[in-house]
Amino acid sequence: MGSSAKLGLEMFEVGPCEDAYTMGFLIGQRFSDMIKSRLASDLILHNQLLPFAQTPEFQPLLQSLTENNRNKFPGYWEELVGTADGSGVPILDIILINFRKEILPLLPKTTAMNQSIDTPDDCSDVLVVSDSMAVVAHNEDANVALVGHTYLIKGTLSNGISFIAYTYAGELPSCAFGLNTHGLAFTLNSVPPSENEIVAGGIGRNFVSRDLLEASSIDDALCRIKSSEVSVGHSYNLIETRTRKIMNVETASRKRVSVYEVGATPFFHANMYLHLQVNQLQDENSIARQSRAAALHKRSKDNFLSLLGDTNDPKYPIYMIGPLLYTLCTAVIDLDEQTLSIVEGNPRKGKISHIFSTCTEDFKMP
């Protein structure tokens, strides 16, 4: 897992920078050792993505991904290139880990079938907006290669917007969860559209979530999601702290979107589509977590944390402890307390490592 696994979650403050490339370069430079350690230990990269990158079939896919994402988001593409240059790793490796979800479903079956199926961001969320509370609690679950290979970015942009983003080493902020100074926050859940639902070479989910860090409102965030012709699907939990509003947004290729506004009935989302009608793979892990969550109490924030810390199912626990999947941390966004808390370790024990204000310009607690 690398020596970085022994350290606490680090935060790097960056910006405003003269351009997007410089921001990416500074992040890559700051976390160069961690990015190299993550890449060295990532078996999916070495056993699946890099071998596929040497085949003739990969070149047109790389060209489409590059052209479409660079044209739609030129600044974020420059940020990606800057991260590679700053960390001193090959740009191909950075492209592969940022687009793994857009690439892996397209691997030849003989390649994918003989390897562990990729599940780098199988997460669980429980959300509610009632008279007594408005809370999002999110388990950030990832492949073992990510243990000790994440950091927080506190970025300030030239337009004055600042954000906090939990970031996987070498990837754009953030494929996990984030918050900006407009009071717009989000958490993310992967979903498994079947192969016939995937459009090769479309917009990458890491680019969409990077764009959400700059959204001015929940409506603006929704517009940003809808405007991207994505390759594969995703589930977004959008949180507008100042209006006490939470929405779950499920997406698929060909600009298909379904929006569910969270209310007083607690809403649990794992890693399958719940309301967008899409052909999808049956994820036993997700189905087991969904079933277990339905049986547990969800009346209070403590209940939510207990649910996300549940290890009752030895094969498919909600709180994951390996050997392939780990819960890296738990994020709790309390819209009434106006806080984003990050809990490391089982959330039942409630050990908060970082806490941020969702209503101050610098995210510092009053």
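Both backbone and side-chain heavy atoms feed into the values below; hydrogens, waters and symmetry mates do not. Quick caveat, the model's predicted, so the values are computed rather than measured.
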Trainee: With the threshold set at 4.0 Å, does a side-chain nitrogen-carboxylate oxygen contact exist between R292 and D313?
Mentor: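 Salt bridge: no.
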Trainee: Verify the ring-centre separation between Y236 and F186: is it less than 6.0 angstrom?
Mentor: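 Ring centres of Y236 and F186 not closer than 6.0 Å.
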Trainee: When rounded to the nearest 0.5 angstrom, what is the spacing between CG in L213 and CZ in F163?
Mentor: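 Here the rounded value is 5.5 Å.
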Trainee: Just by modelled atom types, is the S37 backbone N or O under 3.5 Å from a matching donor or acceptor in the S41 side chain?
Mentor: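 Side chain of S41 to backbone of S37: a pair is present.
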Trainee: Where does the angle between the aromatic ring planes of F99 and F207 fall among parallel (under 30°), tilted (30 to 60°) and perpendicular (over 60°)?
Mentor: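 Plane angle under 30°, so parallel.
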Trainee: If you apply the rule side-chain hydrogen bond (donor to acceptor under 3.5 Å, both in side chains), what do you find for N196 with S194, and how did you get there?
Mentor: CA-CA 6 Å; N196 65 345; S194 59; 2.6 Å; yes
Trainee: Quick one: do the S353 and E344 side chains pair a donor with an acceptor below 3.5 Å?
Mentor: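 A donor-acceptor contact under 3.5 Å links the two side chains.
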Trainee: Hey, does the side chain of S174 reach the backbone of A176 with a donor-acceptor pair shorter than 3.5 angstrom?
Mentor: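 Yes.
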Trainee: Could you please spell out the steps behind the ring pair (Phe, Tyr, Trp, His ring centres under 6.0 Å) verdict for Y273 and H275?
Mentor: CA-CA 6 Å; Y273 288 101; H275 47 92; 8.6 Å; no
Trainee: If only atom types and distance count, is the side chain of S253 paired as donor or acceptor with the main-chain N or O of E197 below 3.5 Å?
Mentor: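 Yes, S253 side chain to E197 backbone: donor-acceptor pair under 3.5 Å.
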Trainee: Evaluate the ring planes of H354 and F356, with Trp represented by its six-membered ring, and classify them as parallel (under 30°), tilted (30 to 60°) or perpendicular (over 60°).
Mentor: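 Rings of H354 and F356: parallel, under 30°.
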Trainee: Does the D122 side chain pair with the main chain of A142, one donor and one acceptor, at a distance under 3.5 Å?
Mentor: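 No, D122 side chain to A142 backbone: no donor-acceptor pair under 3.5 Å.
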Trainee: Going by distance alone, is a donor N or O of one side chain under 3.5 Å from an acceptor N or O of the other, for D125 and T187?
Mentor: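 Yes, because at least one side-chain N or O of D125 sits under 3.5 Å from a partner of the opposite role on T187.
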Trainee: Can you tell whether the side chains of E229 and R254 come within less than 4.0 Å, N to carboxylate O?
Mentor: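 Result for this pair is no, no salt bridge flagged.
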Trainee: Using modelled atom types and a 3.5 Å cut-off, is there a donor and acceptor pairing between side-chain atoms of N271 and backbone atoms of V191?
Mentor: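 Not confirmed, N271 side chain does not pair with V191 backbone.
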Trainee: With rounding to the nearest 0.5 angstrom, report the OG to CE distance, S357 to M365.
Mentor: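 So the gap between those two atoms works out to 6.0 Å.
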Trainee: Given 3.5 Å as the limit, does a donor-acceptor pair link the side chain of D334 with the main chain of Q338, or not?
Mentor: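 Not a single qualifying donor-acceptor pair exists.
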Trainee: Please check if atom NZ in K255 has more than 12 non-hydrogen atoms from other residues, nucleotides or ligands closer than 6.0 Å.
Mentor: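 Correct, the count exceeds 12.
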Trainee: Find the distance between CZ (F52) and CD (Q54) and round it off to the nearest 0.5 Å.
Mentor: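 Going from CZ on F52 over to CD on Q54, the span is 11.0 Å.
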Trainee: Between E250 and V257 (side chain of the first, backbone of the second, donor and acceptor by atom type, cut-off under 3.5 Å), is there such a pair?
Mentor: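 Checked: no pair found.
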Trainee: Before giving the answer on side-chain hydrogen bond (donor to acceptor under 3.5 Å, both in side chains), spell out for S227 and K72 the whole-Å C-alpha distance, their side-chain angles and the decisive distance to 0.1 Å.
Mentor: CA-CA 10 Å; S227 73; K72 171 80 173 170; 3.1 Å; yes
Trainee: Taking R100 first and then D42, would you say they form a salt bridge - that is, a charged N and a carboxylate O separated by under 4.0 Å?
Mentor: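 Counted as a salt bridge, because a side-chain N and a carboxylate O are separated by less than 4.0 Å.
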Trainee: Please check if any side-chain donor atom of N248 sits under 3.5 Å from a side-chain acceptor atom of N237, or the reverse.
Mentor: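 Looking only at side-chain atoms, N237 and N248 do form a donor-acceptor pair, the distance falling under 3.5 Å.
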Trainee: Quiz question: by atom type and distance under 3.5 Å, do the side chains of S64 and N68 form a donor-acceptor pair?
Mentor: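 Result is no, nothing qualifies.
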Trainee: Between the side chains of E140 and Y326, does any donor sit under 3.5 Å from an acceptor?
Mentor: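 No - no donor-acceptor pair under 3.5 Å links their side chains.
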Trainee: Do N303 and S306 have side-chain atoms, one donor and one acceptor, less than 3.5 Å apart?
Mentor: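 There is no such pair between these side chains.
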Trainee: What heavy-atom pair brings G233 and P193 nearest, and what distance separates the two atoms?
Mentor: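 Distance-wise, the nearest heavy atoms are N-CG, 3.7 Å.
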Trainee: Take the angle between the ring planes of F12 and F31 and call it parallel below 30°, perpendicular above 60°, tilted in between.
Mentor: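 Perpendicular, since the angle between the ring planes exceeds 60°.
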Trainee: Please check this pair: side chain of D283 against backbone of P192, looking for a donor-acceptor N/O pair closer than 3.5 Å.
Mentor: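 Checking the backbone N and O of P192 against the side chain of D283, no donor-acceptor pair under 3.5 Å is found.
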Trainee: Can any side-chain N or O of T150 pair as donor or acceptor with the backbone N or O of Y168 at less than 3.5 Å?
Mentor: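 Here the side-chain-to-backbone pair does not exist.
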Trainee: Distance check, rounded to the nearest 0.5 Å: L335 atom CG versus E240 atom CD?
Mentor: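 Between atom CG of L335 and atom CD of E240 there are 9.5 Å.
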Trainee: Using a cut-off of 6.0 Å, state whether more than 12 heavy atoms not belonging to E67 lie near its atom CD.
Mentor: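 Enclosed.
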Trainee: Between E337 and K301, is the closest basic N to carboxylate O distance under 4.0 Å?
Mentor: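 Salt bridge between K301 and E337, a charged N being under 4.0 Å from a carboxylate O: yes.
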Trainee: Restricting to salt bridge (charged side-chain N to carboxylate O under 4.0 Å, His left out), what partner residues turn up for K298, sequence neighbours left out?
Mentor: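 Partners of K298 under the salt bridge (charged side-chain N to carboxylate O under 4.0 Å, His left out) test: none.
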Trainee: Side chains of N206 and N98: is there a donor and an acceptor less than 3.5 Å apart?
Mentor: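 Judged by distance alone, the side chains do pair up.
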Trainee: Are V249 and Y260 side-chain neighbours, meaning at least one heavy-atom pair lies under 4.5 Å?
Mentor: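 No, too far: nothing below the 4.5 Å cut-off.
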Trainee: CD1/I153 to OG/S162 distance, rounded to the nearest 0.5 angstrom?
Mentor: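 One finds 13.0 Å between CD1 of I153 and OG of S162.
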Trainee: Is there a side chain to side chain contact (heavy atoms under 4.5 Å, CB included) between K226 and R256? Walk through the geometry before answering.
Mentor: CA-CA 8 Å; K226 289 179 176 179; R256 288 170 291 173; over 6 Å; no
Trainee: Got a list of side-chain donor-acceptor pairs under 3.5 Å for residues 79-91, not counting sequence neighbours?
Mentor:
{"unit_1": "E79", "atom_1": "OE1", "unit_2": "R210", "atom_2": "NE", "d": "3.2"}
{"unit_1": "E79", "atom_1": "OE1", "unit_2": "R210", "atom_2": "NH2", "d": "3.1"}
{"unit_1": "E79", "atom_1": "OE2", "unit_2": "R210", "atom_2": "NE", "d": "3.2"}
{"unit_1": "T83", "atom_1": "OG1", "unit_2": "G24", "atom_2": "O", "d": "3.4"}
{"unit_1": "T83", "atom_1": "OG1", "unit_2": "E79", "atom_2": "O", "d": "2.9"}
{"unit_1": "D85", "atom_1": "OD2", "unit_2": "Y21", "atom_2": "OH", "d": "2.7"}
{"unit_1": "S87", "atom_1": "OG", "unit_2": "T83", "atom_2": "O", "d": "2.8"}
{"unit_1": "S87", "atom_1": "OG", "unit_2": "A84", "atom_2": "O", "d": "3.2"}

Trainee: Given side-chain hydrogen bond (donor to acceptor under 3.5 Å, both in side chains), test D220 with S217 step by step and report yes or no.
Mentor: CA-CA 5 Å; D220 183 31; S217 66; 5.3 Å; no
Trainee: Answer yes when D310 and R289 have at least one side-chain N-carboxylate O distance shorter than 4.0 Å, and no when they do not.
Mentor: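 No, D310 and R289 are not salt-bridged.
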Trainee: Measure from the side-chain N and O atoms of S228 to the backbone N and O of V208, and report whether any donor-acceptor pair falls under 3.5 Å.
Mentor: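 The answer is no, because no donor-acceptor pair under 3.5 Å joins these two groups.
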Trainee: Would you mind checking if R224 and E214 are paired as a salt bridge, meaning a charged N to carboxylate O distance below 4.0 Å?
Mentor: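 Answer for the salt bridge query: no.
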Trainee: Measure the OG-CG distance between S124 and N139 for me, rounded to the nearest 0.5 Å.
Mentor: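 Here the interatomic distance stands at 5.5 Å.
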